[in-house]
4 protein chains.
Amino acid sequence: MSRAPVAGVDDARKAAGPSFPDEDATSGASVADPAGGTRERLLAAAFAITAEGGYGAASVGAIASRAGVAAGTLYRHFASKGELFVVLFRRVCGREVVAMRRAAEDVASGPERIVAVLDTFARRALQHPRLAWALLAEPLDPLVEAERLAYRRAYRALLSELLRSAVDDGALPEQDPDLTAAALVGAVGEALVGPLAPGADVDATALLPELRALVSRAIGTAVPR
Amino acid sequence: MSRAPVAGVDDARKAAGPSFPDEDATSGASVADPAGGTRERLLAAAFAITAEGGYGAASVGAIASRAGVAAGTLYRHFASKGELFVVLFRRVCGREVVAMRRAAEDVASGPERIVAVLDTFARRALQHPRLAWALLAEPLDPLVEAERLAYRRAYRALLSELLRSAVDDGALPEQDPDLTAAALVGAVGEALVGPLAPGADVDATALLPELRALVSRAIGTAVPR
Amino acid sequence: MSRAPVAGVDDARKAAGPSFPDEDATSGASVADPAGGTRERLLAAAFAITAEGGYGAASVGAIASRAGVAAGTLYRHFASKGELFVVLFRRVCGREVVAMRRAAEDVASGPERIVAVLDTFARRALQHPRLAWALLAEPLDPLVEAERLAYRRAYRALLSELLRSAVDDGALPEQDPDLTAAALVGAVGEALVGPLAPGADVDATALLPELRALVSRAIGTAVPR
Amino acid sequence: MSRAPVAGVDDARKAAGPSFPDEDATSGASVADPAGGTRERLLAAAFAITAEGGYGAASVGAIASRAGVAAGTLYRHFASKGELFVVLFRRVCGREVVAMRRAAEDVASGPERIVAVLDTFARRALQHPRLAWALLAEPLDPLVEAERLAYRRAYRALLSELLRSAVDDGALPEQDPDLTAAALVGAVGEALVGPLAPGADVDATALLPELRALVSRAIGTAVPR
DNA sequence: AATGAATGAGTTTTCATTCAT
DNA sequence: TATGAATGAAAACTCATTCAT
């Protein structure tokens, strides 16, 4: 029983792998860290392998080979495998939180804000289901686990804050905002990542409106009958 | 980079470990597979270790040693480590589904049935949080992953069926029962045993009423205002 | 620049290597640890390689290969490479101390006792010069270093005690017994097995009487003129 | 199993490190090799790191970084890491021999000369204990090992010559000067910088008079009684 | 049916050395 | 002369699986 399914790593797209989401023109690629530099290629390779096969598939050898360098080269750019993933996590999760926060700002009222935030979370998770799973749930290096916890807390804090103010405004019924926030993250993750993980034969995008409605109900938006 | 904390496996209760939940007299132990037989002891050992330290702690050596046999003996009873966990998963998850189904039968009306089912799910998960996490989320052998998928489908099917009939009765608003079912399992799992769940210092049982209210709202039970 | 000279390990005597010194009939080989058992073969291989090329040549791979087993097998018998060397050190050094103590018992008066003890030390070191060097000086795993320190202390304590009582009896002039003891171990080691020692071409045994005379003078045995 | 503690190499004095002992105006720095040249800075860096953390801490990267150049630059000035240490050894040991020879010249009679020489050896070793250990005992590259041997021979030759003439003058009893010389170097080294030497907490300088007395006795200077 | 020693491919990490710029 | 990123072979250690007894 092989612990990690490494199959399909080497024969997969050797060239690039999925490019980073949101790697737009305004990205922070500095001169010291050019977009095509080895460090970036290592991060991109780790991202691609994790997105395809999860953390378990992302051995140092696989990452380096995908990046087109020798294994030892990774250690010129990161102190350890864990450090690489901390950087990767921070970057990817940071982008998620920013996107969610932006979604909140685009909407006026309280309850709809929460729906918009979770809708954003869901849409983005759907784009990289295996990665979303790795970010949300897969057990990792302790070093990375700490980073994950920080970002889950950020997710929850964002939602929790929005929920609390909506409750204070009387727009939502009394509830424990932390619990609701955690549950909603879990609900969206399960609803999307779960069914998608094995066979992506379902068009999960069609589920988004349904999911919005569910979130609406769960937070207690007044629903007529 | 250590994959998983294996602490406390060998020095823990050598004799028994936590007995299987619901290991009642009407168990399916056949004559060929007596309750005290080696095969059962292996399953019980794997269960106990997983419940304590997760899948990562459940090495063949640890399981065999806890069962009081040699490592090689495991292969007399299971084709591989993965096979053992398939059997274990099937058994444990089957019990969960049965318990949830029973909970449904004890309640008359539609919406409350769903709440009762998820309440049962939540209560049982709280009794073995590490195990619940392993069953729900921890990445496993591909062999076992398939089994897990089957049981996620079973959870979802049970809830989905109840949701559908309540919707048909007009007791709940129109919705995609599969989506709601999956989301609710995710919500409860995340809120109780996920990384966002409160630590061991908080009494998670206190969250159950809040969680029931959340479920009520999410399925669309008429909410006052 | 290769850190460790591994050359000549594999092509050397594959069969046995130098048998343990003093592996006599009354050895403590237990039933659980038969003389031909893998554990003993690993210890013998480690001994042989260290005696030939020092600790630096004694990689896990080289030891296992010399013992005729796979590298992983070493870890069935020792928790780590360091543990193996702790066992080896304890065994080898223990024998040295015993031999020196016996030599002391065979002689009556104080000053001659010290000469006899160091003579024994010297004779035995000459039998395995490279090993003696490894035991006395070569930097090691911290685990093993502690063990070495313990035995150097034992050497010194034995000598120091003999010196002190001889000084108290008035047989030797006033001196710091600890300093003299350490210096004598260093003197004998250097003269016989250190980098200043004559090469293999010279018969070092011929030096023993000279060395005895030197020790005699150093401790202050009355020497006429 | 970590071979050597490398702690505190990078954060230590980046600028200079301990300047070479005896780096006096009459140094042999040629025009082709100016004192502030890269080659000299590399030697100084290697010296400083070895004096602080031993040979094990002196990686090519650490040396180059301390010298303020890139790792590759080392290979412009030395064929290999080993070559650098050969040069370093030759220089440092040469200085030691010179210092010992000078000490001999300052004293008239035979026996006292030997005591003075070893006293010098001991004093200088105490000033850089870690370096002394590296020079005297630590296992090195075979290339460097040969150099060390040469200088240990030089130590011995110097002492041996003095011993021989004192014996010929009748100032000391008959003995094998080479053996005595080697043994004395070993005795002083062990007593001061070996594993049996007192830790840094003890003032080893206090041992010098005792050590002089021991050396006196060992060479056979007329002893009272 | 059971043993448990042995396997061997796998993991992460280090570091002297090279070479295109 | 100098750079410093890249190399690649080495290290110690893990663990699911096999097989002679």
Side-chain angles (χ1 to χ4, degrees), chain A residues 1-4 6 37-39 42 56 58-64 67-82 84 141, chain B residues 1-4 6 37-39 56 58-65 67-84 141, chain C residues 1-4 6 37-39 56 58-64 67-82 84 141, chain D residues 1-4 6 37-39 56 58-65 67-82 84 141:
Chain A
M1 179 166 166
S2 55
R3 291 256 19 226
V6 187
T38 301
R39 182 186 162 96
L42 285 165
S59 71
V60 168
I63 294 169
V69 299
T73 298
L74 190 147
Y75 293 86
R76 287 206 69 73
H77 300 278
F78 303 95
S80 69
K81 181 186 170 184
L84 182 154
D141 208 63
Chain B
M1 192 151 146
S2 55
R3 291 247 36 215
V6 191
T38 300
R39 181 184 164 97
S59 70
V60 168
I63 294 169
S65 146
V69 298
T73 299
L74 189 147
Y75 293 85
R76 292 268 150 210
H77 299 277
F78 302 95
S80 69
K81 181 186 169 186
E83 287 284 359
L84 181 154
D141 209 63
Chain C
M1 180 163 164
S2 55
R3 292 256 22 224
V6 189
T38 300
R39 181 185 164 97
S59 70
V60 168
I63 294 169
V69 299
T73 297
L74 188 148
Y75 294 88
R76 288 207 68 75
H77 300 278
F78 303 95
S80 68
K81 181 186 168 184
L84 182 154
D141 208 62
Chain D
M1 191 154 145
S2 56
R3 292 243 38 211
V6 191
T38 301
R39 182 185 163 94
S59 70
V60 168
I63 293 169
S65 147
V69 298
T73 299
L74 189 147
Y75 293 86
R76 291 269 149 208
H77 299 277
F78 302 95
S80 70
K81 181 186 170 184
L84 183 154
D141 210 63

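Computed from a predicted model, the values in this text were never measured in an experiment. Just so it is clear: chains get the letters A, B, ... in the order the sequence lines come, proteins before strands, and each one is counted from 1.
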Rounded interatomic separation in angstrom, taking CD1 from A:Ile63 and P from E:dT11: 11 Å
Partner set under side chain to side chain contact (heavy atoms under 4.5 Å, CB included) for B:Ser59, not counting sequence neighbours: B:Ala62
Partners meeting side chain to side chain contact (heavy atoms under 4.5 Å, CB included) with B:Phe78 (sequence neighbours left out): B:Arg39, B:Leu42, B:Leu43, B:Leu74, B:Glu83, B:Leu84, B:Val87
Touch class at under 4.0 angstrom, heavy-atom based, for C:Val60 against every strand present: sugar-phosphate
Donor-acceptor contact present, side-chain C:Lys81 to main-chain C:Ala58, <3.5 Å: yes
Short heteroatom pairs, N/O only, protein and nucleotides 5-8 of chain F, under 3.5 Å:
{"from": "F:dA5", "atom 1": "OP2", "to": "A:Arg76", "atom 2": "NH2", "distance (Å)": "3.3"}
{"from": "F:dA6", "atom 1": "OP1", "to": "A:Thr38", "atom 2": "OG1", "distance (Å)": "2.0"}
{"from": "F:dA6", "atom 1": "OP2", "to": "A:Thr38", "atom 2": "OG1", "distance (Å)": "3.2"}
{"from": "F:dA6", "atom 1": "OP2", "to": "A:His77", "atom 2": "NE2", "distance (Å)": "2.6"}
{"from": "F:dT7", "atom 1": "OP2", "to": "A:Ala70", "atom 2": "N", "distance (Å)": "2.5"}
{"from": "F:dT7", "atom 1": "OP2", "to": "A:Thr73", "atom 2": "OG1", "distance (Å)": "2.8"}

d(OH, D:Tyr75; P, E:dC15) in whole Å: 13 Å
Phosphate-side-chain proximity, A:Ser59 and E:dT11, N/O vs OP1/OP2 below 4.0 Å: yes
Nucleotide pairing, DNA chain E (Watson-Crick or G-U, distances under 3.5 Å), in dot-bracket with [ ] and |: .||||||||||||||||||||
Spacing between D:Leu84 atom CG and E:dA16 atom C1', to the nearest angstrom: 13 Å
Closest non-hydrogen atom pair between B:Ala71 and B:Ala64, with its separation: CA-CB, 3.6 Å
